[in-house]
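Each remark here refers to the structure printed beneath this line.
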Amino acid sequence: MATEGSGNSDWLTRSRVALWHPCTQMKHLERVPPLPIARGEGAWLIDFDGRRYLDAISSWWVNLFGHCNPRINAALMDQLGRLEHVMLAGCTHAPVVELSERLAGLTGLGHAFYGSDGASATEIALKMSFQFWRNVGQPAKTGFVSLENGYHGETLGALSVTDVALFKDTYAPLLRPSHQVMSPDWRRAEDGESAEAYALRAAASLEDFLAECADTTAAVILEPLVQGAAGMAMYHPVYLASARESCDRHRVHLIADEIAVGFGRTGTLFACEQAGITPDFLCLSKGITGGYLPLSCVLTTDAVFAAFYDDATARGFLHSHSYTGNALACRAALAVLDLFEEDDVLASNQAKAARLTELLAPVAAHPRVRHFRHTGMIWAFDVAGAPPGFSGEFHRRALARGLFIRPIGGTVYFMPPYVIGEAEMCLMAEVTLQLLDTV
Ligand SMILES: *Cc1c(COP(=O)(O)O)cnc(C)c1O
């Protein structure tokens, strides 16, 4: 049993021997050991030696209401006494039905299919879109289009529509080709060109592509408003409105990957709301359980559902994961939706966001900072002349000051849990300002 008395170094040694950490060159752990975490408490992570670190990136963007949230804990304790899991082929249960109904009410998409993590949601959406066209007699529509620098997960299908060279190049021979169109990321705008004008220019290039290739294209997949893994690239909502129009005009599905941006991250419950659009497929994960349990969901329309509804088994969507619709995970998700409703989270986040933006003003004005940007509960900036190894060095020095943060290349970003308070926001701003002068 883990006891705090065991101390950090013992866990570090054992971890290095027994584990293969994700997205990590294991040899680098000789220099930068992982952080051994004994406990979590609100926005804080606490190691085995009792040191505290502010979780400024919500444990890889999943945590919304802090670690060991008493209300989510209570819901899970109650669920543990009723049902932990039952297979969802041939069975159903209360939490998965209630969650599907509530998500339908919130999104206007009335059919929910569940997976266990983000990448599985991407796979589900791609396969459903492909099979829809096949079922309706348009089997040539097999292609997928995504944005430059887009990220949709790392299983083979998801990686095929991801455009991050570091994750993708090694596996290129295993992947199915997909097409990338210009990203609306406003950092790429010409001098004097507004974010909106740039987004419209990017939208025109998507329109051009679809005008030519719609006959062989099943769907466009994109991350609405913020391309997370690209380094928190942000763009104007007009792009989404225009992409929706192009998809409608050319009969191509729009898949909104809100795995990272859903559940309030961009200021609205779902990012698509800011463009007033409904996608054909909405992929959700990460924040869906408040960072408690792996769960993902693909929501879709009556029209898509109807194309699979038939006497013939093979026209159905014959896809499954063992833990599909796990009862504990669904119950955590229901507790998250309760929190949004009962605490008016979106309104209180607005006040917090305004305050953190104010505290970060000296950071935004720092001579090394470029493209300071902010959407909802996400902040990011690029560091001019970031030296090689900047990201690791910034991470290490921040940790020594009690801040857990992991820059993406030369981009520093914050994605704090919504329970962040004034003192914690001050710590983030102060440590970051100090580090900009030293790293
Ligand atoms: C994290 C992420 C995924 C993949 O989710 P996993 O749970 O890591 O498989 C897919 N799309 C986006 C936009 C993400 O941020």
Side-chain angles (χ1 to χ4, degrees), residues 20-24 57-64 113-129 144-164 166-168 171 175 178 180 183-185 219-235 239-240 243 254-266 270-272 279 281-299 319 321-326 329 332-333 336 375-378 380 406 408-409 411 413-415:
W20 199 333
H21 289 271
C23 203
T24 299
I57 55 169
S58 296
S59 291
W60 246 355
W61 324 347
V62 300
N63 192 289
L64 301 187
F113 195 100
Y114 291 90
S116 320
D117 48 39
S120 65
T122 300
E123 302 285 345
I124 289 162
L126 297 176
K127 284 177 71 179
M128 262 190 192
S129 173
F144 296 107
V145 184
S146 59
L147 301 186
E148 273 179 74
N149 299 322
Y151 180 89
H152 302 289
E154 293 168 50
T155 52
L156 294 179
L159 196 54
S160 291
V161 292
T162 285
D163 184 39
V164 179
L166 182 63
F167 300 151
K168 191 168 182 174
Y171 308 102
L175 305 178
S178 67
Q180 275 68 53
S183 163
D185 173 2
V220 174
I221 181 166
L222 49 75
E223 297 157 89
L225 299 187
V226 183
Q227 294 184 279
M232 302 299 155
M234 298 182 184
Y235 63 87
Y239 183 83
L240 296 173
L254 179 61
I255 303 172
D257 175 353
E258 295 218 17
I259 289 165
V261 297
F263 299 96
R265 266 302 158 193
T266 66
F270 299 110
C272 283
F281 299 92
L282 178 63
C283 299
L284 302 174
S285 188
K286 292 202 165 111
I288 191 170
T289 61
Y292 266 65
L293 287 158
L295 179 73
S296 64
C297 181
V298 177
L299 292 153
H319 178 104
H321 298 283
S322 307
Y323 282 97
T324 290
N326 175 262
V336 162
T375 301
M377 291 296 279
I378 308 173
R406 285 169 50 114
I408 301 174
T411 296
Y413 74 93
F414 307 109
M415 203 151 160

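Just so you know, ligand 1 is whichever comes first in the structure, and atom 1 is the first atom listed for that ligand.
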Margin query: Ignoring hydrogens, what is the shortest heavy-atom contact between Ile408 and Gly231? Give both atom names and the distance.
Written below: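 Smallest interatomic distance, heavy atoms only, reads CD1-CA, 4.0 Å.
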
Taking only heavy atoms of [X] into account, list the atoms of ligand 1 that are under 4.0 Å away from them.
{"X": "Trp61", "answer": "15 (O)"}
{"X": "Ala119", "answer": "4 (C), 5 (O), 6 (P), 9 (O)"}
{"X": "Asp257", "answer": "10 (C), 11 (N), 12 (C), 13 (C)"}
{"X": "Gly153", "answer": "4 (C), 10 (C)"}
{"X": "Ala260", "answer": "15 (O)"}
{"X": "His152", "answer": "10 (C), 11 (N)"}
{"X": "Glu223", "answer": "13 (C)"}

Next item on the list: Could you tell me whether Tyr323 atom OH has more than 12 heavy atoms of other residues or ligands within 6.0 Å of it?
Entry: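 Not more than 12 within 6.0 Å, no.
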
Check: So, for atom 11 (N) of ligand 1, does the protein have a heavy atom nearer than 4.0 Å?
Finding: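 Yes, there is a protein heavy atom closer to it than 4.0 Å.
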
Item checked: Top protein contact for atom 7 (O) of ligand 1, by heavy-atom distance ->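 Nearest neighbour among protein heavy atoms for atom 7 (O) of ligand 1, to 0.1 Å: Gly118 N, 2.8 Å.
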
Check: Backbone, side chain, both or neither: what part of Lys286 comes under 4.0 angstrom of ligand 1, heavy atoms only?
Finding: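 Side chain only.
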
Notebook entry, point to check: If you measure from each non-hydrogen atom of Trp60 to ligand 1, which part falls under 4.0 Å: side chain, backbone, both or neither?
Noted result: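 No part of Trp60 comes within reach of ligand 1.
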
Notebook entry, point to check: If only atom types and distance count, is the side chain of Thr375 paired as donor or acceptor with the main-chain N or O of Ile378 below 3.5 Å?
Noted result: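 Such a contact is absent between Thr375 side chain and Ile378 backbone.
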
Margin query: Are the side chains of Leu175 and Leu156 in contact, using a 4.5 Å heavy-atom criterion?
Written below: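 Yes - at least one pair of side-chain heavy atoms lies under 4.5 Å apart.
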
Next item on the list: Kindly indicate whether the side chain of His152, heavy atoms from C-beta on, has any atom under 4.5 Å from the side chain of Ile255.
Entry: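 No, too far: nothing below the 4.5 Å cut-off.
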
Notebook entry, point to check: Step by step, would you call Tyr413 with Val226 a side chain to side chain contact (heavy atoms under 4.5 Å, CB included)?
Noted result: CA-CA 12 Å; Tyr413 74 93; Val226 183; over 6 Å; no

Checklist line | Separation of Thr162 OG1 from Tyr171 OH (nearest 0.5 Å) | finding: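 Going from the OH atom of Tyr171 to the OG1 atom of Thr162 covers 13.0 Å.
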
Next item on the list: Can you measure from OG (Ser58) to CZ (Arg265) and round to the nearest 0.5 angstrom?
Entry: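 That separation rounds to 4.0 Å.
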
